[in-house]
Amino acid sequence: MGDTGTVEFQLVADNLRESFRAIASSRTGGELRELNGVSIASAGVTFQMFNTAFLSGPVSTEAELKKRILEPIGHFDSRGQEWAYWVCEDWIDPQARKRARGLFENHGLRLSTELPGMIADRILPPVKPLPQIDVQRVRSAATWDAFCEIGSVCFHVPLTWFREVFDNDAVWDRFVSFVGYVDGEPVSTTSIVSGAGVIGVYNVATLPGCQRRGFGEAVMRQALAEIRKERGLERVILQSTPAGLKLYERMGFREVARVAVYSS
């Protein structure tokens with residue numbers, strides 16, 4: 001439980017939603033809407049993972065889950081947009097959760113990935129010395145280019161798609177992002193979103209040729225230190241990939257949620 005009685009999985013769900021709201025609200029074609037038990041945060045872009053829907057409260061039955069699936073389908077179909085449903089499964093009653101994947105797939109939404117949602121009450125010290133790295137906040141054309149290029153490579157999407165998502169300077173006010181440079185070359189990124197009383201970590205990515213050398217952890221730690229100094233927040237959440245799970249556990253994170261991503 002959080003300090004105000006908020007269940008920990010909800011901190012993960014609410015900050016995740018806020019991260020997409022930060023991007024959608026920065027774009028002229030972006031859209032934020034609250035439907036019946038569903039939140040829409042759509043950037044209105046080609047990269048469907050950023051045209052998003054979220055459960056905004058508990059789901060007690062299969063019938064209710066079906067309604068929550070149909071709501072965003074109608075929204076995005078009317079706009080002709082590809083989209084993704086980021087589902088914090090802990091919102092769903094355990095009995096209904098057993099059939100959730102089938103319900104989503106029956107409505108044309110395929111499971112893209114499942115991610116553990118994690119929280120750390122405080123970040124533990126590194127277990128070994130980290131490499132020296134020059135960490136710069138994304139504020140200039142050069143850092144924007146580097147952030148997008150690393151994201152394109154690491155998340156396996158066309159560079160034009162990634163640039164479209166982040167093509168407005170206003171996005172960096174809330175989706176605060178950092179690039180790590182080694183010998184003047186950009187190698188790693190981290191993004192931070194403050195919301196729901198926690199710090200959310202996103203877009204942790206390191207170029208394939210530079211992985212397993214501590215660069216990603218070093219950038220993430222410096223980014224967190226800077227944001228904690230600015231915002232005064234301590235608790236941190238993230239969604240982990242399988243590759244990052246052991247690192248995050250060493251840093252003090254523990255799993256408190258499961259996030260399933262379904263794509264149209």
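Computed from a prediction, not measured in an experiment: that's the story for all the values here.
Relative ring orientation between Trp172 and Phe147 is described as perpendicular, the plane-to-plane angle rising above 60° on a 0-90° scale split at 30° and 60°.
Side-chain atoms of Gln48 and Thr46, non-hydrogen and from C-beta on, never get closer than 4.5 Å to each other. Residues Cys88 and Leu55 fail the side-chain proximity criterion, which asks for heavy atoms closer than 4.5 Å. The side-chain heavy atoms of Leu70 and Lys67, taken from C-beta on, include no pair separated by under 4.5 Å. Between Leu159 and Cys148 there is a side-chain heavy-atom pair separated by less than 4.5 Å. Looking at heavy atoms from C-beta onward, Val87 lies in side-chain contact with Ile92 at the 4.5 angstrom threshold.
Note: His75 NE2 to Asn51 CG = 8.5 Å, rounded to the nearest 0.5 Å. Ser263 contributes atom OG, which lies 8.0 Å from atom CG of Leu109 (distance to the nearest 0.5 angstrom). Between atom CD1 of residue Ile40 and atom CG of residue Leu32 there is a gap of 10.0 Å, rounded to the nearest 0.5 Å. Rounding to the nearest 0.5 Å gives a distance of 10.0 Å between CG of Leu115 and CD of Glu89. One distance of note links CZ of Phe47 with OG1 of Thr160; it measures 11.0 Å at 0.5 Å rounding.
Scanning both residues, Ala53 and Val38, for their nearest heavy atoms gives CB-CG1, 4.1 Å. Across all non-hydrogen atoms, the minimal contact from Ser56 to Ser39 is CB-OG, 3.5 Å. Taking each heavy atom of Leu207 and Pro186 in turn, the nearest pair found is CD1-O, 3.4 Å. For the pair Cys210 and Phe215, the tightest heavy-atom approach, listed with the atom from each and the gap, is O-CD1, 3.3 Å. Nearest heavy-atom pair, Asn15 versus Gly200, reported as atom, atom and distance to 0.1 Å: OD1-CA, 3.2 Å. Nearest heavy atom pair, residue Val201 against residue Leu238, reads O-CB, 3.7 Å.
Phe155 and Val153 fall within the same hydrophobic cluster, defined by Ile, Leu, Val, Met, Phe, Trp and Tyr side-chain heavy atoms under 4.5 Å apart, directly or through other members. Connection of Val135 to Met251 is established within a shared hydrophobic cluster, with ILVMFWY side chains joined at heavy-atom distances below 4.5 Å, either directly or through further cluster members. Linking ILVMFWY residues whenever their side-chain heavy atoms come closer than 4.5 Å, directly or via other members, places Leu16 and Met49 in the same cluster. Linking ILVMFWY side-chain heavy atoms closer than 4.5 Å, directly or via other members, places Phe175 and Ile150 in a single hydrophobic cluster. Under the 4.5 Å side-chain heavy-atom criterion for grouping Ile, Leu, Val, Met, Phe, Trp and Tyr, Val176 is not connected to Tyr181 through any hydrophobic cluster.
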One pair to check against side chain to side chain contact (heavy atoms under 4.5 Å, CB included): Val187 and Ile133. What are the steps and the verdict?
CA-CA 10 Å; Val187 300; Ile133 190 165; 4.0 Å; yes

Carefully, step by step, assess Ile23 and Val45 under the rule side chain to side chain contact (heavy atoms under 4.5 Å, CB included).
CA-CA 11 Å; Ile23 294 170; Val45 293; over 6 Å; no

Can you list the steps and then say if Val171 with Trp144 is a side chain to side chain contact (heavy atoms under 4.5 Å, CB included)?
CA-CA 11 Å; Val171 70; Trp144 177 79; over 6 Å; no

Quick one, Asp93 with Thr61, criterion side chain to side chain contact (heavy atoms under 4.5 Å, CB included). Give me CA distance, side-chain angles, the key distance, then yes/no.
CA-CA 7 Å; Asp93 178 83; Thr61 65; over 6 Å; no

Step by step, would you call Arg68 with Glu64 a salt bridge (charged side-chain N to carboxylate O under 4.0 Å, His left out)?
CA-CA 6 Å; Arg68 305 272 190 104; Glu64 179 62 25; 2.8 Å; yes

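In terms of the salt bridge (Lys or Arg N to Asp or Glu O under 4.0 Å) criterion, residue partners of Glu255 (sequence neighbours excluded) are, by chain and number, Arg258. Not counting sequence neighbours, the partners of Phe20 by the ring pair (Phe, Tyr, Trp, His ring centres under 6.0 Å) test are Phe50, Phe54, Trp86. By the ring pair (Phe, Tyr, Trp, His ring centres under 6.0 Å) test, Phe76 pairs with Trp83, sequence neighbours left out.
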Can you give each donor-acceptor pair under 3.5 Å made by side-chain atoms of residues 117-131, sequence neighbours left out, with the distance rounded to 0.1 Å?
unit_1, atom_1, unit_2, atom_2, d
Asp121, OD1, Arg235, NE, 3.0
Asp121, OD1, Arg235, NH2, 3.0
Asp121, OD2, Arg254, NH2, 3.1

List the atom pairs, donor and acceptor, that lie under 3.5 Å between side-chain atoms in residues 189-197 and the rest of the protein, sequence neighbours left out.
unit_1, atom_1, unit_2, atom_2, d
Thr189, OG1, Asn203, O, 2.8
Ser191, OG, Ser177, OG, 2.7
Ser194, OG, Arg231, NH1, 3.0

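Among residues at least two apart or in separate chains, salt bridge (Lys or Arg N to Asp or Glu O under 4.0 Å) pairs with a member in residues 198-217 are Glu217-Arg221. Judged as a side-chain hydrogen bond (donor to acceptor under 3.5 Å, both in side chains), the pairs with a partner in residues 132-142 (not counting sequence neighbours) are, in order, Asp134-Gln136, Arg137-Glu226, Arg137-Glu230, Ser140-Thr143. Sequence neighbours left out, the pairs with a member in residues 97-126 that pass ring pair (Phe, Tyr, Trp, His ring centres under 6.0 Å) are Tyr85-Phe104, Phe104-Tyr262. The salt bridge (Lys or Arg N to Asp or Glu O under 4.0 Å) contacts involving residues 71-82 comprise Glu31-Arg79, where partners must be two or more places apart or lie in separate chains. Annotation: salt bridge (Lys or Arg N to Asp or Glu O under 4.0 Å) contacts involving residues 161-179, sequence neighbours excluded, comprise Glu18-Arg174, Arg27-Asp167, Asp145-Arg163, Glu149-Arg163. Pairs engaging residues 32-52 under the salt bridge (Lys or Arg N to Asp or Glu O under 4.0 Å) rule: Arg21-Glu34 [sequence neighbours left out]. Screening residues 223-260 for ring pair (Phe, Tyr, Trp, His ring centres under 6.0 Å) gives Tyr248-Phe253 as the qualifying pairs, with residues at least two apart or on separate chains.
Side-chain N or O atoms of Ser152 include one that pairs as donor or acceptor with a backbone N or O of Val157 at under 3.5 Å. Using a distance-only test at 3.5 Å, with no hydrogens or angles considered, a donor-acceptor pair links the side chain of Thr52 to the main chain of Ala41. Of the possible polar contacts, one joining the Ser240 side chain to the Leu245 backbone as a donor-acceptor pair under 3.5 Å is found.
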